[in-house]
Amino acid sequence: MISGRAWPARRRHPPRPPIDGQGLTDPAFTSRYWGPEFATDWKAGSTMVWRQGGADTADPGQVVLESEPYRRLSYTWHTFTPGWAKANGIDDETLAKLAAEQRSKVTFEIKHLGGSVKLTVVHDGFEPGSTAREMIRHGWPALLSSLKTLLETGDTLPDPA
């Protein structure tokens, strides 16, 4: 169910090692299906640096909230900076709206279901009318489809033209 303040997604994947742990944290893997690489030790309370499109986004508010290997990972969403905006083609007006919003968080939950793995993603903490929520609502389905394709075939989906 999609509400005005959260965006959940669920996908079942074959139980290959990347989704069992490193698929959400290993920079070499995340950069293939998602784009960003994350620099952190993945311990609760540790800060994170987002590396994407030639820009590093670092902020003391970007932190790992929970980290239970092979089960659960949660962190605050990245800071919207001018460098991030430029690297991602975001105009100044949109950047100002994003920067004024409260920070959201994303949580990944992995459940082993016999011969498959269920990945649930919840991105929440949005204000009503959030620009960030509107921007990510189409991104998560594409990202999860690319992850699933990578796990099943070894290749990612092509970038949409």
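All residue numbers in this chain count up from 1 along the given sequence.
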- prompt: For Val63, does its backbone N or O pair with a side-chain atom of Thr76 as donor and acceptor, under 3.5 Å?
  reply: yes

task: Indicate yes or no for a side-chain donor-acceptor contact from Thr79 to the backbone of Thr81 under 3.5 Å, with no hydrogens or angles considered.
output: no

- prompt: Would you call Leu98 and Met135 a side-chain contact if the rule is heavy atoms closer than 4.5 Å?
  reply: yes

message: Would you call the rings of Trp50 and Trp34 parallel, tilted or perpendicular, taking 30° and 60° as the class edges?
response: perpendicular

query: Looking only at atom types and distance, does a side-chain atom of Asn88 sit under 3.5 Å from a main-chain N or O of Ile90, one as donor and one as acceptor?
result: no

message: On a heavy-atom basis, which atom in Thr107 and which in Ser74 lie closest, and how many Å separate them?
response: OG1-OG, 2.9 Å

task: Walk me through it: do Val106 and Val122 pass the test side chain to side chain contact (heavy atoms under 4.5 Å, CB included)?
output: CA-CA 6 Å; Val106 64; Val122 176; over 6 Å; no

task: Answer yes or no: is there a donor N or O on one side and an acceptor on the other, between the side chain of Ser67 and the main chain of Ala44, under 3.5 Å?
output: no

- prompt: Do any N or O atoms from the side chain of Arg103 and from the backbone of Trp77 form a donor-acceptor pair under 3.5 angstrom?
  reply: yes

- prompt: Do other residues, nucleotides or ligands put more than 12 heavy atoms under 6.0 Å from Asp92 CG?
  reply: no

message: For a quick test of reading the model, state the closest non-hydrogen atom pair linking Met48 to Phe38 and the distance between them.
response: CE-CD2, 3.7 Å

Arg32 (side chain) donor-acceptor with Gly154 (main chain) under 3.5 angstrom: yes

field: Shortest non-hydrogen contact between Gly83 and Ala55, atoms and distance
entry: O-CB, 3.7 Å

field: Donor-acceptor pair, side chain of Ser31 and main chain of Pro27, under 3.5 angstrom
entry: yes

- request: May I ask you to test the Phe29-Leu150 pair for a side-chain heavy-atom distance under 4.5 Å?
  value: yes

message: Main chain of Gln62, side chain of Thr47: is a donor-acceptor contact present, judged purely on distance under 3.5 Å?
response: no

message: Donor-acceptor pair, distance only, cut-off 3.5 Å: does the side chain of Ser46 make one with the backbone of Val64?
response: no

query: Just by distance, do the side chain of Ser145 and the backbone of Pro141 share a donor-acceptor pair under 3.5 Å?
result: yes

message: Taking the basic N atoms (NZ, or NE/NH1/NH2) and the acidic carboxylate oxygens, is any pair closer than 4.0 Å for Glu152 and Lys148?
response: yes

